Amino acid sequence: MPQGADLTPAHLAAAARTLGLDFIATTEHNTAAGHGEWGPYAGDDLLVILGQEVTTRTGHWLALGLAPEQAIEWGTASGTT
């Protein structure tokens, strides 16, 4: 199996199922660009929670449970305007 940055949603979902996980959460830095790639891998046996790691002036926070392609405008998140 590939490692690190070479892991694809297919690899990660297969590994989660092999491990018997009920859910996984996926986040990327300041973007929702990859959300659409996860749809085929979610199912009754694996919940895929979409999210985004949001960068602010005071640190990072995770926004979980986003709709597909929903993104948080990170330039203004948490009072960073």
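On a predicted model such as this, the values are computed, not experimentally measured, just so you know.
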Residue pair Thr26, Leu50: steps toward the side chain to side chain contact (heavy atoms under 4.5 Å, CB included) verdict: CA-CA 5 Å; Thr26 176; Leu50 301 176; 3.8 Å; yes
Working for side chain to side chain contact (heavy atoms under 4.5 Å, CB included), residues Ile24 and Leu47: CA-CA 6 Å; Ile24 57 174; Leu47 172 66; over 6 Å; no
Closest non-hydrogen atom pair between Glu37 and Pro9, with its separation: OE1-CG, 3.8 Å
Closest non-hydrogen atom pair, Val54 against Ala63: CG2-CB, 4.3 Å
Donor-acceptor contact present, side-chain Glu69 to main-chain Ala33, <3.5 Å: no
Atom pair CG/NE2 of Asn30 and His60 - distance to nearest 0.5 Å: 8.0 Å
From Tyr41 atom OH to Leu12 atom CG, the distance as rounded to the nearest 0.5 Å: 10.0 Å
His35 and Leu66: CA distance, side-chain angles, deciding distance, side chain to side chain contact (heavy atoms under 4.5 Å, CB included) verdict: CA-CA 9 Å; His35 285 179; Leu66 300 178; 4.0 Å; yes
Derivation and outcome, side chain to side chain contact (heavy atoms under 4.5 Å, CB included), residues Ile72 and Trp61: CA-CA 11 Å; Ile72 305 297; Trp61 55 272; 4.1 Å; yes
hydrophobic_cluster_shared for Leu62 and Val48, side chain cutoff 4.5 Å: no
Verify same cluster id: Leu64, Phe23 (apolar side-chain graph, 4.5 Å): yes
Pairwise side-chain contact, Arg17 with Asp45, heavy-atom cut-off 4.5 Å (strictly under): yes
